[in-house]
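Residue numbers begin at 1 in each chain, while the letters A, B, ... track the order of the sequences.
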2 protein chains.
Amino acid sequence: MDRRVRKSQEAIMEALISLMAEKEFEKITINEIAERADVNRGTVYAHYTDKYHLLDLCIETHLDQLIASCMPLEGLNEPAYPTKDSLLRVFTMLEKHTAFYTTLLTSKGVPALRSRLLEMICLGIRQQYTDLQFPAGVDQEVRIQFMASATVGVIEWWFTNPVSYSAEDITGQLWAMLEQNQMLPGKQLV
Amino acid sequence: MDRRVRKSQEAIMEALISLMAEKEFEKITINEIAERADVNRGTVYAHYTDKYHLLDLCIETHLDQLIASCMPLEGLNEPAYPTKDSLLRVFTMLEKHTAFYTTLLTSKGVPALRSRLLEMICLGIRQQYTDLQFPAGVDQEVRIQFMASATVGVIEWWFTNPVSYSAEDITGQLWAMLEQNQMLPGKQLV
DNA sequence: CACATTCTGTCGGGTAACCGACAATTACGC
DNA sequence: GCGTAATTGTCGGTTACCCGACAGAATGTG
């Protein structure tokens with residue numbers, strides 16, 4: 001992608017996030033976004049039809065990064081199913097964009113991120129677990145919904161609560177709980 | 001100035017400073033500068049003939065900012081001669097660009113900044129003191145040189161020493177010494 | 001309501017940055 | 001030494017951004 005396009009988009013998205021931390025989404029104007037991004041107003045319209053479109057792509061971009069971060073690393077002999085390392089990579093990415101996630105998870109009137117996040121995590125789990133054996137007795141889709149909801153809940157709590165664990169800490173705790181509930185195939189496979 | 005020009009120049013200058021904090025000036029290449037600035041290599045050449053030119057303009061830009069910061073503020077009834085407030089503005093500006101000044105004042109082989117800084121301060125003092133009475137017995141140019149050298153020395157010490165006073169603190173101390181040596185016209189005028 | 005102000009979305013002309021390529025020079029390792 | 005790689009400085013075609021202007025919609029203030 002052209003260097004200029006990337007810079008403009010990054011600046012515009014960052015501007016929106018920083019504005020959303022100050023005032024509610026509906027009160028934000030394209031003018032403000034352009035000004036904060038230090039970009040001509042026309043440039044905003046060149047990339048996005050309106051601020052709703054911008055918000056959508058903003059979410060999409062961050063979730064894509066999140067997906068990429070939990071993909072098994074090539075050359076490191078990582079298995080195709082989730083590991084504690086891949087989970088840590090996700091939380092590290094979340095931590096890196098704290099401003100974005102705290103804003104969009106707490107900002108009232110814009111619950112768009114939470115549902116997209118849950119959706120994304122379900123999809124990720126479903127893909128990674130497709131070839132694996134699970135303990136019997138529970139429908140696989142129910143199990144996936146269970147795990148995804150629990151994970152999203154922990155993420156939300158992590159961002160909205162003043163007590164701030166590090167990415168390593170929270171990863172360790174979440175992983176322990178998932179293991180404790182025998183919802184990871186590790187024990188069957190390793 | 002065109003928004004794009006400003007952004008490019010800021011990015012390039014900042015890249016040079018950050019590189020100078022890591023390696024000596026002669027080892028730095030245009031490629032590295034462009035890469036760090038996230039700018040096409042051609043853009044560097046569009047603004048500067050070579051890295052020496054870039055370093056010069058870099059120094060010039062920062063000194064211009066410094067000069068602007070010590071100008072008497074309009075509308076605040078500030079006198080035309082230096083005040084403690086104007087000195088504080090200078091140190092605040094210095095503090096704001098700590099990375100630049102510490103790098104350029106400590107980096108061996110590039111004593112360009114120190115001499116330009118002394119020169120600039122002499123000029124500033126000479127201009128601001130042009131209409132004022134001084135205690136007799138000392139040539140005015142000698143006095144100016146004395147004050148400027150002392151000031152530059154304090155600035156150098158401020159940046160190169162691990163003990164870090166705030167801009168307010170160091171301003172207070174320097175002002176006290178200048179007053180103590182009766183080198184400020186304040187007592188004669190006020 | 002009338003009025004002023006701000007915001008919106010779009011357009012066209014101008015310009016700076018991008019990118020890839022090039023030959024010439026310098027730096028480096030065998 | 002000699003060959004390879006990196007750096008330098010320049011160029012031309014392409015693209016994205018800037019800027020000012022515009023009419024229409026929305027907002028808000030008397």
Under 3.5 Å donor-acceptor, Asn161(A) side chain and Val163(A) backbone
no
Would you confirm whether Lys51(B), through its side chain, and Leu16(B), through its main-chain N or O, come within 3.5 Å as a donor-acceptor pair?
no
At under 4.0 Å, does any side-chain N or O of Tyr45(A) touch on OP1 or OP2 of dT10(C)?
no
Roughly how many Å is it from OH in Tyr48(B) to P in dT7(D), rounded to a whole number?
21 Å
Decide salt bridge (Lys or Arg N to Asp or Glu O under 4.0 Å) for Glu14(B) and Arg36(B); before the verdict, give the C-alpha distance in whole Å, the side-chain angles of both, and the deciding distance to 0.1 Å.
CA-CA 9 Å; Glu14(B) 211 167 300; Arg36(B) 173 91 42 123; over 6 Å; no
Residue Thr29(A), side-chain heavy atoms: nucleotide from dT8(D), dC7(C), dC19(C) that is nearest:
dC7(C)
Between Glu26(A) (CD) and dT6(C) (P), how many Å, whole number?
21 Å
In whole angstrom, what separates Glu35(B)'s CD from dA17(C)'s C1'?
18 Å
Whole-Å distance between dT8(D) P and Lys51(B) NZ?
7 Å
Distance criterion of 3.5 Å, no angle test: do you see the side chain of Arg4(A) paired donor-to-acceptor with the base of dA17(C)?
yes
Looking at Arg3(B), I'd like to know whether one of its side-chain N or O atoms comes within less than 4.0 Å of OP1 or OP2 on dC19(D).
yes
Grab the CD1-P distance between Ile30(B) and dT26(C) for me, whole Å please.
15 Å
As a test of reading the structure: which of dC18(D), dG9(C), dT8(D) is closest to the side chain of Val39(A), going by heavy atoms?
dC18(D)
Once you round it to whole Å, what is the distance between P of dT25(C) and CG of Asp50(B)?
17 Å
Pick the nucleotide of DNA chain C nearest each of Asn31(A) and Val5(B); which residue has the one closer to the 5' end?
Asn31(A)
Tell me what Asp2(A) touches on the nucleic acid: a base, only sugar-phosphate, or nothing, going by heavy atoms under 4.0 Å.
sugar-phosphate
Tell me if the OH atom of Tyr165(A) is crowded by more than 12 foreign heavy atoms within 6.0 Å.
no
Check whether any side-chain N or O of Thr43(B) sits under 4.0 Å from OP1 or OP2 of dC18(C), and answer yes or no.
yes
Pick base, sugar-phosphate or nothing for Lys7(A), based on heavy-atom distances below 4.0 Å to the nucleic acid.
sugar-phosphate
Does dA16(D) have its OP1 or OP2 closer than 4.0 Å to a side-chain nitrogen or oxygen of His47(A)?
no
Show your reasoning for whether side chain to side chain contact (heavy atoms under 4.5 Å, CB included) applies to His53(B) and Asp50(B).
CA-CA 5 Å; His53(B) 184 213; Asp50(B) 52 31; 3.5 Å; yes
Gap between atoms CZ and P, on Arg41(A) and dC11(C) respectively (whole Å)
13 Å
Closest approach to the side chain of Asn40(B), judged atom by atom: which nucleotide of dT8(C), dC18(C), dT8(D) is it?
dC18(C)
Can you measure Asp38(B) atom CG to dC18(C) atom C1' for me and round it to whole angstrom units?
12 Å
